[in-house]
Each structure stands twice: as structure tokens, then as C-alpha cells.
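So the structure is just underneath, and the comments pick up after that.
The model shown is predicted, which means the values in this text are computed figures rather than measured ones.
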Amino acid sequence: MSVRMAPRLPLIFLLMIHRVSSAGWGVSYSLSHICALKNSSVIMNCTYTYPTGYKIEKVFWTKNPVKGKEPPDLSEDPEYSQRLQYLGDKQQNCTIRLSHVTQKDQHMYWFRFITDKPDGKWTGYPGVTLTVTDLQVEAHERVTEGHNVSLTCKSSCTLTDRASFIWYRNSQPLTERRDRNNQLLLQSVRREDAGRYSCALHGHTYISPAAQLNVSYPPENPVISISSSVIMEGDSVTLNCSSDSNPPAEISWFKGGTSVGSGRIYSISKISSDHSGEYKCRSINEHGEKYSDAVTLNVMYPTRNVSVSISGAGVIVEGDSVTLICSSDSNPPALNFSWFKETQSSSVGSGQSFSALQSGRFYCEAHNQHGSQRSDAVTVTVHPGADRNVIVIAATSGGLFFIIIIIIIWFIMMKRKSVKTEDLTMKTNDLYSDVSVHAESLSEPDPVNDALYASVKPSRSRGETPESGDTEEIQYTAVQYHRKKEKNRPEEDECQYDDIRVHQHDAAERKSNVQTVEDASVIYNSIK
């Protein structure tokens with residue numbers, strides 16, 4: 001016995017289709033696959049045929065057929081009843097429209113019709129496959145200012161409806177231009193181009209989820225704001241640095257050239273005058289840095305450290321005055337000054353300086369708009385007028401004494417000058433010196449034997465040779481006079497000069513003090 005195996009069901013099914021089709025049964029779909037945009041409407045076009053002699057009683061679309069069960073009619077399904085619209089007829093057209101499609105609508109759909117005869121039922125396999133997609137914006141997360149960037153509107157499948165794309169930035173349309181290009185090109189991007197971008201198809205209500213485009217740029221125009229316009233000593237002050245940058249910048253604080261803190265906010269509690277000065281903030285990120293303009297913290301405080309200084313001595317004579325000056329530390333500077341005497345309740349003067357004419361203890365009060373403070377008292381002593389005369393006399397005597405001292409010094413100097421002059425004269429007159437006179441008991445004057453010079457010896461200065469002397473410049477420095485005893489001597493034996501010693505002085509002395517002896521007629525008898 002031979003056993004014949006039954007063919008598989010799909011093969012039998014195909015044979016049946018082929019046989020029915022050959023008899024005039026069939027369904028034709030214009031598209032076997034449709035990619036529809038989420039929340040859009042889909043039209044499935046189809047036509048069908050059946051043999052002559054049959055009458056169409058029912059037409060409908062179904063999905064997911066189950067073997068052995070009658071396929072369900074989608075128009076009776078609550079999920080489709082409000083969205084499915086049959087556009088065909090009961091003759092040849094079987095087109096439908098499915099509205100507001102969602103991801104749940106992704107199935108394979110078939111058209112089925114039933115005739116008036118028991119064997120007149122037909123399902124159009126393989127049907128239409130529906131894919132539902134959404135839109136996504138693809139873009140670089142961050143782009144640097146000045147660069148180009150391209151954004152793409154993408155879907156999970158190729159949309160059947162080739163409609164033009166619309167782009168939005170922060171929910172506002174970028175342009176009214178419509179085209180089929182799913183890309184948006186931004187050239188030389190600016191910081192103003194940053195935002196949330198989304199896309200859509202023209203004629204469709206669906207808009208893609210937004211994608212953030214970040215445009216990076218260095219810090220620009222950091223600005224400092226101060227919590228209070230008037231700052232009093234002891235207050236709390238907050239400085240805030242705002243800076244436009246992407247990514248957000250790191251903030252540092254500087255007072256002058258010294259770093260004093262970091263962070264967007266810089267707080268000072270119980271501020272003092274030491275905090276006064278210029279402050280700046282620095283904003284820095286990976287693309288650059290920028291400093292803010294300086295702001296000045298001007299800390300106000302009342303007057304303090306008030307003191308009085310005396311211009312000149314604190315002791316004066318009657319009729320004169322002493323000037324007292326009041327100084328203080330305050331912000332703003334003190335403009336009002338009042339002067340008081342300790343023994344009086346009312347003020348005795350005003351202004352930063354005060355002229356005291358009488359003895360007493362004086363103090364001042366300095367005022368600004370935030371407060372006042374008084375100084376310690378200083379003592380001023382005024383002497384009577386008699387004391388003043390004493391002072392004048394003492395001053396006059398002191399002046400005379402000083403003049404006398406000057407005169408004495410002048411006299412001494414002139415005396416020294418006179419002595420020097422005498423020494424010079426003596427040197428000049430010392431041409432004829434060292435003269436010794438020998439008197440030998442002269443009984444009476446003897447005109448014949450009156451010898452003027454008796455022993456003259458020439459002598460040269462030390463260091464000179466005989467050749468260096470000038471006979472006409474011989475000086476007579478040592479003359480010895482001798483009185484002879486003989487009274488009657490012959491005239492031929494008479495000599496006028498004997499034993500003459502001549503001293504020759506230095507040339508400098510000769511030139512300055514002694515004139516050259518020009519008379520050569522003198523007869524010298526014995527010169528040694």
C-alpha cells in the first residue's frame with residue numbers, strides 16, 4: 001500500500017487563488033507598503049474583480065486573519081470605527097482612508113468581499129503593509145560661533161507622501177519656503193541661532209520633537225550690579241557678575257589687582273572702609289575670557305579721629321593769635337566744624353581753622369551727614385604785654401651780641417692780614433741787615449776817617465754757584481763798621497769799604513722786594 005502525503009496548506013491556498021483568479025476573482029493594491037507619518041491620514045488604494053453572475057453583498061477591510069475564523073470587519077472595531085472611511089463601492093473600487101494613524105496601526109491590511117453565493121467569498125492576499133513613523137531632528141549638540149551647521153529631519157522609513165518640510169525654531173517658523181529638502185543649513189552660525197529646532201511636513205499637523213542647538217562663544221560684556229546704591233559702614237553688600245557666554249563662564253573677583261573671591265556672587269558682610277575701592281569680575285570659559293568694567297565701592301561713615309593741631313607755639317603774647325586746625329577722618333569729608341572753649345557752652349567759632357586770642361582749652365567738633373565727633377582739648381596760653389617787651393628786648397640784645405661777634409671775627413682776620421703784610425715788608429727791608437758797628441773810643445769826629453762801611457763780606461745764598469750770581473744784584477746784608485784809632489793816615493791808605501759781606505737772597509725775593517742796583521759808580525775796596 002502506498003501512502004500519499006497531503007500538500008502543505010500554503011501550496012493548496014496558492015492553487016486555489018490561482019484557480020479562482022483564473023475564473024475572474026482577484027484584488028489589486030496600488031501600493032503593497034505604505035510609510036505614513038504619525039498622526040497623518042493614509043489612503044489605501046485598491047480594486048477588485050469577481051465573475052459575472054455574482055452579486056456583491058458585503059465589502060470590508062480586515063487585519064490579522066485567523067485560520068478557521070471569519071476575519072473581523074475593521075469598521076466595526078471601536079479603535080477604527082471613527083477613523084476608517086471606505087471610499088470605494090460594491091463594484092470595483094475598494095479604496096479606504098485611515099486617519100490619525102499611530103504606532104498601533106502598524107499592521108498588514110487586506111480587503112475582503114462576500115457575494116450572494118456560498119462559494120463567492122474572497123480575501124485579497126498579501127494585502128498592504130502600513131508602517132507609521134515620526135520625525136526626529138538630527139543636529140550637532142554644540143557648534144562654535146562662526147562655523148556652519150546642518151540640521152536633518154529624519155524618519156524611520158521613507159515617507160510615501162513626498163511633501164515639503166517646514167522648520168521651526170522655538171516654535172516659530174524659520175521661513176515660508178517649502179521644498180522637499182529635509183536639511184536645514186545654517187552658515188556662519190551666530191549665538192542668536194541657538195535654540196530648539198523642530199520640523200514638520202507641509203499639510204500635516206504633526207511636528208517633530210525639538211532638538212536643542214547650542215552655539216558656543218567666549219564671554220562677552222560681563223556686568224557688575226550692586227545690591228545697594230548707598231553703602232554704610234557695617235552693612236552687608238552683594239556684588240553680582242552677569243556674563244553672556246556659552247558654556248557658562250567661571251567668575252573670579254578682583255579688588256585692584258588682587259583676587260578676592262570666585263563665583264557669580266561676591267558678598268561682603270559688615271563692610272568697612274577698608275573694603276572701599278574698585279572691583280572687577282573676570283568671566284572665562286574654554287573659548288576666552290573677558291573683564292568687566294570696574295565698579296567703585298564707596299563706604300560711607302561718620303566723622304572719627306577728630307584732632308586739633310596748633311600752627312606755631314601754643315604760648316603767645318597778648319595782642320597776637322595762634323591758629324588751631326581741626327582735622328578728621330570721614331566719608332563724605334566733613335564740611336562743618338565748630339569750635340568750643342571748655343568754660344563756655346556755646347561755640348566760639350566755626351570753620352576748619354580757628355584763631356585763638358585768649359588763654360584757655362579749646363576743642364572742635366567735625367560734622368558730616370552721617371554723624372559728628374569732638375576732639376580732645378588743647379591748651380593756649382597768652383602772656384601779658386610786658387612780657388612781650390621783655391621778649392622784644394631779649395631778641396634785640398641777642399641781635400646786638402651777634403653783630404659784635406661778627407665785628408670781632410672781622411678784626412681778627414684783618415689783624416692777621418696786617419701781620420702778613422708786615423712780614424713781607426720786613427723781608428723787603430732786610431736787604432741791609434746784620435750790620436755790626438765797632439766803636440773804638442772815638443775822641444772826636446773824624447770826617448776823613450768817617451768810613452761808612454768798614455767790613456762788608458759778600459755771601460751767596462745756599463745752593464747757588466758763583467756763576468749764578470749777578471754782580472750788579474748783590475745785596476748788602478751784613479755791614480760791619482770799624483772806627484780806626486789812627487787819626488792821621490795817608491790819603492792813599494784811606495779805604496771807604498773794608499770787609500764787606502754780601503748776602504745774596506733768593507731770586508724770588510729779589511724780584512718781588514728788591515730793585516736792582518743800577519749805580520755802578522760805587523767803589524768797593526775789599527770784597528770777599
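- Distance alone, capped at 3.5 Å, is enough to place a donor-acceptor pair between the T160 side chain and the C35 backbone.
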Carefully, step by step, assess R97 and Q85 under the rule side-chain hydrogen bond (donor to acceptor under 3.5 Å, both in side chains). CA-CA 5 Å; R97 176 189 288 123; Q85 181 182 5; 3.0 Å; yes
Verdict with reasoning, L201 to L159, per side chain to side chain contact (heavy atoms under 4.5 Å, CB included): CA-CA 10 Å; L201 288 177; L159 292 169; 3.4 Å; yes
Verify side-chain hydrogen bond (donor to acceptor under 3.5 Å, both in side chains) between D244 and N221, making sure each step is shown before the conclusion. CA-CA 7 Å; D244 182 18; N221 301 325; over 6 Å; no
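- The residues R112 and E70 are annotated as salt-bridged, a charged nitrogen and a carboxylate oxygen being separated by less than 4.0 angstrom.
- More than 12 heavy atoms of other residues, nucleotides or ligands shown are found within 6.0 angstrom of NE2 on H33.
- Applying side-chain contact (heavy atoms from CB on, under 4.5 Å) to E233 and the options N331, V299, D274 leaves one that passes, V299.
- At a threshold of 4.5 Å between non-hydrogen side-chain atoms, the residues P302 and N368 count as touching.
- Scanning all heavy atoms of the two residues, the minimum distance from P222 to C281 falls at CB-SG, 4.1 Å.
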Could you walk me through whether E250 and R264 pass the salt bridge (Lys or Arg N to Asp or Glu O under 4.0 Å) test, one step at a time? CA-CA 8 Å; E250 296 180 359; R264 191 168 297 276; over 6 Å; no
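- Applying side-chain contact (heavy atoms from CB on, under 4.5 Å) to S309 and the options I325, L324, T323 leaves one that passes, I325.
- Across all their heavy atoms, T379 and I310 have their closest contact at O-CD1, 4.2 Å.
- The residue from Y109, W61, W110 that alone fulfils the ring-ring contact (aromatic ring centres under 6.0 Å, His included) condition with Y29 is W61.
- T144 is not listed as a side-chain neighbour of Y217, based on a closest heavy-atom distance of 4.5 Å or more.
- A donor-acceptor pair is defined here as one N or O able to donate and one able to accept, closer than 3.5 Å; such a pair exists between the side chain of Y86 and the backbone of D89.
- H140 NE2 to N148 CG: the interatomic distance, rounded to the nearest 0.5 Å, is 10.5 Å.
- With rounding to the nearest 0.5 angstrom, the CG atom of L335 is 9.5 Å from the CD atom of Q352.
- Atom CG of L297 sits about 12.0 Å away from atom OG of S273, to the nearest 0.5 Å.
- Closest of all the heavy-atom pairs between T296 and E278 is OG1-CG, 3.6 Å.
- Side-chain atoms of K341 come within 3.5 Å of backbone atoms of S359 as a donor-acceptor pair (strictly under, hydrogens ignored).
- Of all heavy-atom pairs spanning Y80 and H107, the tightest one is OH-CD2, 3.7 Å.
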Take S375 and V308 through the side chain to side chain contact (heavy atoms under 4.5 Å, CB included) test and state the conclusion after the steps. CA-CA 7 Å; S375 69; V308 175; 3.2 Å; yes
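- Taking the charged nitrogens against the carboxylate oxygens, K270 and D235 have no contact shorter than 4.0 Å, which rules out a salt bridge.
- Within a 6.0 Å sphere centred on NZ of K255, other residues, nucleotides and ligands contribute more than 12 heavy atoms.
- Atom OG1 of T152 and atom CD of E138 lie 5.5 Å apart (nearest 0.5 Å).
- A salt bridge links R191 with E145: the closest approach of a Lys/Arg side-chain nitrogen to an acidic carboxylate oxygen falls below 4.0 angstrom.
- Contact annotation: the side chain of L184 approaches that of L174 to within less than 4.5 Å [non-hydrogen atoms, C-beta and beyond].
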Report the C-alpha separation of H287 and S216 in whole Å, then their side-chain angles, then the decisive distance to 0.1 Å, and conclude whether the side chain to side chain contact (heavy atoms under 4.5 Å, CB included) test is met. CA-CA 8 Å; H287 301 291; S216 299; 3.2 Å; yes
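- In this structure, the side chain of N285 engages the main chain of P247 through a donor-acceptor pair within 3.5 Å.
- Residue-environment remark: NZ (K117) exceeds the threshold of 12 foreign heavy atoms within 6.0 Å.
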Apply the test side chain to side chain contact (heavy atoms under 4.5 Å, CB included) to residues I43 and T95: give CA-CA distance (whole Å), side-chain angles for both, the deciding distance (0.1 Å), then the verdict. CA-CA 7 Å; I43 295 177; T95 301; 3.7 Å; yes
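- Within the model, atoms CH2 of W253 and OH of Y279 stand 10.0 Å from one another, a figure rounded to the nearest 0.5 Å.
- Counting non-hydrogen atoms of other residues, nucleotides and ligands closer than 6.0 Å to CD of Q212 gives a total above 12.
- At a cut-off of 3.5 Å, with distance as the only test, no side-chain donor of T133 or S155 sits close to an acceptor on the other residue.
- Using a distance-only test at 3.5 Å, with no hydrogens or angles considered, no donor-acceptor pair links the side chain of Q369 to the main chain of P332.
- Between V101 and S40, the closest side-chain pair of non-hydrogen atoms falls below 4.5 Å.
- Look at K38 and D134 and you find no salt bridge, because none of the NZ, NE, NH1 or NH2 atoms lies under 4.0 Å from a carboxylate O.
- In this structure, the side chains of Y54 and W25 come closer than 4.5 Å at one or more pairs of heavy atoms.
- Salt bridge status for E57 with K121: absent, with no side-chain N to carboxylate O gap under 4.0 Å.
- Side chains of S327 and S307: a donor on one and an acceptor on the other come within 3.5 Å.
- A tilted orientation is assigned to the rings of F111 and Y48, their planes being inclined by 30° to 60°.
- Counting only distance, with no hydrogens or angles, the side chain of T62 and the backbone of P72 share a donor-acceptor pair below 3.5 Å.
- Considering all non-hydrogen atoms of both residues, A139 and L151 come closest at CB-CG, 3.7 Å.
- Of the residues Y363, W339, F340, the one that meets the ring-ring contact (aromatic ring centres under 6.0 Å, His included) test with F354 is W339.
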Criterion side-chain hydrogen bond (donor to acceptor under 3.5 Å, both in side chains) on T303 and R374, from CA distance to verdict: CA-CA 9 Å; T303 53; R374 59 172 289 180; over 6 Å; no
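- In this structure, OG on S171 lies 8.0 Å from CZ on R196, to the nearest 0.5 angstrom.
- You'll find the side chain of L130 reaches within 4.5 Å of the side chain of D105, heavy atoms only.
- Scanning all heavy atoms of the two residues, the minimum distance from I271 to H275 falls at CG1-CB, 3.5 Å.
- Enclosure of atom CD in Q82 is not indicated, since only 12 or fewer non-hydrogen atoms of other residues, nucleotides or ligands lie within 6.0 angstrom.
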Please report the C-alpha distance between N240 and Y266 in whole Å, then the side-chain angles of each, then the deciding distance to 0.1 Å, and finally whether the side-chain hydrogen bond (donor to acceptor under 3.5 Å, both in side chains) criterion is met. CA-CA 6 Å; N240 189 298; Y266 177 62; over 6 Å; no
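- For the pair L37 and N39, the minimum side-chain heavy-atom distance is 4.5 Å or more.
- Inter-residue side-chain proximity for L186 and L213 is flagged as met; some heavy-atom pair is nearer than 4.5 Å.
- Heavy-atom contacts from other residues, nucleotides or ligands closer than 6.0 Å to CG of D376 number 12 or fewer.
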